[in-house]
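Working notes for the structure below.
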Amino acid sequence: MTDGQRGAGADRDVRIIDVVRSLRPGEVVSYGDIAVDAGVGRQARRVGQLLAASDDDSVPWWRVVNAAGRLVPGLEAEQAALLIAEGVDVAGGRVRRAAYGRFRRHP
DNA sequence: CCCCTGACTGTCG
DNA sequence: CCGACAGCCAGGG
């Protein structure tokens, strides 16, 4: 592919996944933050859709929650276990604000 | 091109 | 605190 970027869409996906993979243990961020960090603006939905379709084990999807700190529907138990194992404060199917690593929301 | 769906988000009652 | 609503963006039928 010496010509232009036929994979423009795939490039965005790669960036998003890359941001998620850059998360370290105990670090939790929201879909919106991931989208912004990846430089795709308000594609928070695409982030979730992407993670849902990704089978890659190198992608720590459990470190991603929604803006309310809510865990992934249907996988709350597993996600909670993984987060707690990393020292994240999880309660009632959601992550506590204080447990966020890159939390960039008004406190 | 139109319509529906979604691991989202912010506002309102 | 929580449910209902509307807004936004991209993918799939």
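Just so it is clear: chains get the letters A, B, ... in the order the sequence lines come, proteins before strands, and each one is counted from 1. Atom set for the values below is all heavy atoms of this structure, side chains included, hydrogens, waters and symmetry mates excluded.
- With sequence neighbours excluded, the residues that form a side-chain contact (heavy atoms from CB on, under 4.5 Å) with A/Ala44 are A/Tyr31.
- Scanning both residues, A/Ala38 and A/Arg15, for their nearest heavy atoms gives O-CD, 3.3 Å.
- Of the residues in residues 50-59 of chain A, those placing a heavy atom less than 4.0 Å from an atom of DNA chain B are A/Leu51, A/Ala52, in numerical order.
- Partners of A/Asp18 by side-chain hydrogen bond (donor to acceptor under 3.5 Å, both in side chains), not counting sequence neighbours: none found.
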- Task: Start with the C-alpha gap between A/Val65 and A/Val28, add the side-chain angles, then the distance that decides, and say whether side chain to side chain contact (heavy atoms under 4.5 Å, CB included) holds.
- Result: CA-CA 7 Å; A/Val65 298; A/Val28 180; 3.8 Å; yes
Exercise for review: Could you check A/Leu51 against A/Ile17 for side chain to side chain contact (heavy atoms under 4.5 Å, CB included), going step by step and ending with a plain yes or no?
Suggested key: CA-CA 8 Å; A/Leu51 291 175; A/Ile17 294 299; 4.2 Å; yes
Q.
What verdict does the side chain to side chain contact (heavy atoms under 4.5 Å, CB included) test give for A/Val59 and A/Ser54, after you've listed the backbone C-alpha separation in whole Å, the side-chain angles of each residue and the deciding distance to 0.1 Å?
A. CA-CA 8 Å; A/Val59 183; A/Ser54 179; 4.2 Å; yes
Which donor-acceptor pairs under 3.5 Å do side chains of residues 72-85 of chain A form with protein atoms, sequence neighbours excluded?
| unit_1 | atom_1 | unit_2 | atom_2 | d |
| --- | --- | --- | --- | --- |
| A/Gln79 | OE1 | A/Val72 | N | 2.7 |
| A/Gln79 | NE2 | A/Trp62 | O | 2.9 |
| A/Gln79 | NE2 | A/Val64 | O | 3.1 |

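- For the pair A/Leu82 CG and B/dA7 C1', the computed distance is 15 Å after rounding to whole Å.
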Can you tabulate the close N/O pairs, meaning under 3.5 Å, that link protein atoms to atoms of nucleotides 7-10 of chain C?
| unit_1 | atom_1 | unit_2 | atom_2 | d |
| --- | --- | --- | --- | --- |
| C/dG7 | O6 | A/Arg45 | NH2 | 3.1 |
| C/dC8 | O2 | A/Arg45 | NH1 | 3.3 |
| C/dC8 | N3 | A/Arg45 | NH1 | 2.7 |

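- For A/Arg42, there are no side-chain contact (heavy atoms from CB on, under 4.5 Å) partners at least two apart in sequence or on another chain.
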Short N/O separations, protein against nucleotides 2-4 of chain C, under 3.5 angstrom:
| unit_1 | atom_1 | unit_2 | atom_2 | d |
| --- | --- | --- | --- | --- |
| C/dC2 | OP2 | A/Arg94 | NH2 | 3.3 |

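- Within the structure, salt bridge (charged side-chain N to carboxylate O under 4.0 Å, His left out) contacts touching residues 46-69 of chain A (residues at least two apart or in different chains) are A/Asp13-A/Arg46, A/Arg63-A/Glu86.
- In terms of heavy-atom proximity, A/Ala35 sits nearest to A/Gly41 at CB-O, 3.2 Å.
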